[in-house]
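Presented below is the structure to which this report refers.
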There are 2 protein chains.
Amino acid sequence: MHTVHEAPLTRSVEDYLKVIYHLSSQGGFAATSDIAAMLEVAPPSVSGMVKRLSETGLIEHVPYRGVQLTQQGRRAALKMIRRHRILETYLTQQLGYDWGGVHEEAERLEHAVSDRLIERMAGALGEPRYDPHGAPIPTAAGEIEETELLSLAEAPVGADLELREVGTQDPARLSYFAEQGLVPGARLTVTDRQPFNGPTTVRLESAGVRVVGRELAQALRCLAAAR
Amino acid sequence: MHTVHEAPLTRSVEDYLKVIYHLSSQGGFAATSDIAAMLEVAPPSVSGMVKRLSETGLIEHVPYRGVQLTQQGRRAALKMIRRHRILETYLTQQLGYDWGGVHEEAERLEHAVSDRLIERMAGALGEPRYDPHGAPIPTAAGEIEETELLSLAEAPVGADLELREVGTQDPARLSYFAEQGLVPGARLTVTDRQPFNGPTTVRLESAGVRVVGRELAQALRCLAAAR
DNA sequence: AGTGTGAGTTAGTTTAATCTAAATCAGATC
DNA sequence: GATCTGATTTAGATTAAACTAACTCACACT
Ligand SMILES: [Mn+2]
Ligand SMILES: [Mn+2]
Ligand SMILES: [Mn+2]
Ligand SMILES: [Mn+2]
């Protein structure tokens, strides 16, 4: 089990790997333009980086089709995702950050912390399994829980659901969700959906009725509630 | 009090400013070769950076003599030193780091944290005034305590002293100091000094006698003890 | 005053990461 | 099957930060 040389990755490389992980997690290829959009860089910048990453063996590139992570790349991506989510959890629970402001801070810190620090934070938190947005935290060994979740926008009327994960990192949306009681763990029943991409209406178990437009509903990822 | 543009500083620039601060804190100029040695880069790298920093107005360069910080540069340096020392204190007090391992971690984190995070950490610690090595922490406003300290290597025999600051960041030396009880706050009396740069012998108020070689004694900075 | 030496600077190269402009590809449409 | 179009790649430039090799300066010593 001797790991070879392992040149340290740059901040840029680490961010590319995370984005490629997210874009290809449903099995497909990550497209150049999608990577560019998520990282807010120009497409040629991505082409350049893609060449270097595939020479290093972190990704597989099929020209004009897209990229996928190799085993090595996936390992590195999951390590960064663990760092990011442990940091978000720590900042929220120990330093009073709210779940809107935490992403930006973690986005920078994830590249600067040592493994040691992350494990100390995880220890102080009692090895948390989910971040403040409900996203699963990969283990130090690189395993991640993969639960099929259903977005609220496509849940059938009548379904009893548990909100598990809030899939946005926009502070404004997050603070709106929080004030609506739409947070991970919330129990709800879908009572109505309007046609033509219209809003979904839900009844929250511990609060009132909420009408959620399609765009926001897509970010709310749920699981059939245990009853 | 409107601050102009303020382009964000790079990691490199921030480290240069800190080093220049330390090298010129006794009033003089920081020499190119000293900067190079402390940052572990080649002298021409320093010359190049010096040109850029003086164009930006962060330092004043007198060719062949050295550099000094401008007001703006000093402000930026003190901000980094605050970050570094708050981080060291936080890692030590909240996350179980020992005072040997903490410097390296802070050296990277100081460039990634936000002002907000630093102030949260400082708040959680009760606005600490000294870091784990006894070094004063600049305030958020950029003020730093400047106490004249006497190195143990030059303290007269017979002096009653309080050890205030341990001026090294080498983990091996730090752990040796800790096991000898030579930590900030320790009270001691100088009982002997051998000639020709020989060792200093001290009696620790709450422990026994210690013989300290010249090199280590120079790192122990003391103040005449209040009695 | 002349000279030697070490410190400092200049010149030129390298690598990572970005950009814009231009060329090319692949798949959809006619 | 030819053509259009948007996505992708290539080409070439820029900036930060480092390096080595070569040159130059300041100053101490003779
Ligand atoms: Mn990041
Ligand atoms: Mn998150
Ligand atoms: Mn640093
Ligand atoms: Mn310190």
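Note that these values count all heavy atoms, side chains included, but never hydrogens, waters or copies made by symmetry. A, B, ... follow the sequence lines: proteins, then strands. Residue 1 opens every chain.
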Q: Could you please name the option among C:dT18, D:dA18, C:dG8 that lies closest to any side-chain atom of B:Met49?
A: D:dA18
Q: Using atom CG of B:Asp15 as one end and atom C1' of D:dA17 as the other, report the distance to the nearest whole Å.
A: 13 Å
(Q) Between A:Thr10 and A:Tyr64, which residue's closest nucleotide on DNA chain C lies nearer the 5′ terminus? (A) A:Thr10
Q) When we call it a touch if two heavy atoms are under 4.0 Å apart, what does B:Ser33 touch: a base, just sugar-phosphate, or nothing? A) sugar-phosphate
Q: Scan B:Ser47 against the nucleic acid and name what it touches under 4.0 Å (heavy atoms): base, sugar-phosphate only, or nothing.
A: base
Q: Decide yes or no for A:Leu95 and A:Tyr90: does some side-chain heavy atom of the first lie under 4.5 Å from some side-chain heavy atom of the second?
A: yes
Q.
Whole angstroms only, please: what is the CG-C1' distance between A:Asp34 and D:dT9?
A. 16 Å
Q. Does A:Tyr16 put a side-chain nitrogen or oxygen below 4.0 Å from OP1 or OP2 of C:dA16?
A. no
Q.
Applying a 4.0 Å non-hydrogen cut-off, can you work out what B:Pro63 is touching in the nucleic acid: base, sugar-phosphate, or nothing?
A. sugar-phosphate
Q) Which listed nucleotide (C:dA17, D:dA18, C:dA7) is nearest to the side chain of B:Val41? A) D:dA18
Q: Rounded off to whole Å, could you give me the CZ-to-P distance for the B:Arg65 and D:dC27 pair?
A: 7 Å
Q.
Just the rounded figure in Å: distance from C1' of D:dA17 to CD1 of B:Ile35.
A. 15 Å
Q) So, B:His103 versus B:His133, ring centres under 6.0 angstrom or not? A) no
(Q) Without decimals, in angstroms, what is the distance between B:Leu39 CG and D:dA18 P? (A) 8 Å
Q.
Looking only at the side chain of B:Ala42 (C-beta and beyond, no hydrogens), which of the listed nucleotides D:dT20, D:dT24, C:dT10 gets closest?
A. D:dT20
Q: Could you please name the option among C:dA21, C:dA17, D:dA17 that lies closest to any side-chain atom of A:Pro44?
A: C:dA21
Q. What do the steps show when you test A:Ser151 against A:Arg221 for side-chain hydrogen bond (donor to acceptor under 3.5 Å, both in side chains), and what is the final call?
A. CA-CA 4 Å; A:Ser151 105; A:Arg221 296 203 265 270; over 6 Å; no
Q | D:dA17 phosphate, OP1 or OP2, under 4.0 Å from B:Ser45 side-chain N/O | A | no
**Q.** Residue that, paired with B:Glu110, satisfies side chain to side chain donor-acceptor pair (under 3.5 Å) out of B:Arg82, B:Lys79, B:Arg83, B:Lys18
**A.** B:Lys18
**Q.** Interatomic distance, A:His111 NE2 vs C:dA16 P [rounded to whole Å]
**A.** 18 Å
**Q.** Derivation and outcome, side-chain hydrogen bond (donor to acceptor under 3.5 Å, both in side chains), residues B:Glu145 and B:Tyr130
**A.** CA-CA 10 Å; B:Glu145 176 191 307; B:Tyr130 300 94; 2.5 Å; yes
Q | Approximate separation, where rounding is to 0.5 Å, of A:Thr70 OG1 and A:Ile59 CD1 | A | 8.5 Å
Q: Give one of base, sugar-phosphate or nothing for B:Ser12, where a contact means two heavy atoms less than 4.0 Å apart.
A: sugar-phosphate
(Q) Given D:dT10, C:dG27, C:dT9, identify the nucleotide with an atom nearest to the side chain of B:His61. (A) C:dT9
Q.
In this structure, how many angstroms lie between the P atom of C:dT18 and the CG atom of A:Leu53, rounded?
A. 11 Å
(Q) Using the side-chain heavy atoms of A:Arg52, tell me which of these nucleotides is nearest: C:dT18, C:dA16, D:dT24. (A) C:dA16
Q. Could you state the CD-P distance from A:Glu14 to C:dA16, rounded to the nearest angstrom?
A. 15 Å
